[in-house]
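Residue numbers run from 1 in the order of the sequence given. Predicted model only: the values in this text are computed from it and were never measured.
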Amino acid sequence: MKLCGTRCSSSAACSSGRPHATHTRVVLRAQRVCRTRGCSVNALLKTAPGVSASWSQTTDEVQLRVPVDSSVRGKDIGFEVHPLRLKLAIGGSTVLEGRLEDAGSIRADDCYWTLETDDADGSKYVSVVLV
């Protein structure tokens, strides 16, 4: 069975009609093998102890979701993004950082973050979009 390596945010088949893998959590070392192209993409993203970030992706972007304390405000967030690395800090403490190694470069000028509240339980999280 051929897998579509371009979309991993849901368990249904994508527009190519081929099934694709589902990924739900960011781990210290994430690896995605693109079976349709025969390539291997590695990204090393380190999270601070006690931080459980999750991620999803489409063909155009990767979205990271990092839970934060309810007292965090926008001015407490520091986001540094470069074509081959990124860093997210909350209140001066780094919560997520890493190199994108051979995953390819991102368009730093098109990347952004937002501070959002989950409608289901009222918890806050930082959403980071990498393009």
To the nearest 0.5 Å, what is the distance between [atom1] ([X]) and [atom2] ([Y])?
X: Thr47; Y: Leu88; atom1: OG1; atom2: CG; result: 11.0 Å
X: Arg99; Y: Leu86; atom1: CZ; atom2: CG; result: 10.5 Å
X: Glu61; Y: Asp110; atom1: CD; atom2: CG; result: 10.5 Å
X: Leu45; Y: Leu64; atom1: CG; atom2: CG; result: 6.5 Å
X: Trp113; Y: Leu130; atom1: CH2; atom2: CG; result: 14.5 Å

Specify the closest pair of heavy atoms between Ser52 and Pro67, including all atoms of both residues, with the distance to one decimal. O-CD, 3.3 Å

Taking Ile106 as the fixed residue, which of Val81, Val131, Leu84 is the one that meets the side chain to side chain contact (heavy atoms under 4.5 Å, CB included) rule? Val81

Is there a path from [X] to [Y] through hydrophobic residues (I, L, V, M, F, W, Y) whose side chains come within less than 4.5 Å of each other?
X: Val126; Y: Val51; value: yes
X: Phe79; Y: Trp55; value: yes
X: Ile90; Y: Leu96; value: yes

Should Val128 and Val66 count as side-chain neighbours, where that means a heavy-atom distance under 4.5 Å? no

Taking the side chain as every heavy atom from C-beta outward, state whether Leu115 and Val68 have any pair of such atoms under 4.5 Å apart. yes

Would you confirm whether Thr114, through its side chain, and Glu116, through its main-chain N or O, come within 3.5 Å as a donor-acceptor pair? no

Non-neighbouring partners of Asp69 that pass side chain to side chain contact (heavy atoms under 4.5 Å, CB included), sequence neighbours left out: Ser71, Val72

Please determine, by modelled atom types, if Ser123 and Asp121 share a side-chain donor-acceptor pair under 3.5 angstrom. yes

Partner residues of Gln63 under the side-chain hydrogen bond (donor to acceptor under 3.5 Å, both in side chains) criterion, sequence neighbours left out: Ser127

May I have all residue pairs that pass salt bridge (charged side-chain N to carboxylate O under 4.0 Å, His left out) and include part of residues 74-89, sequence neighbours excluded? Glu80-Arg85

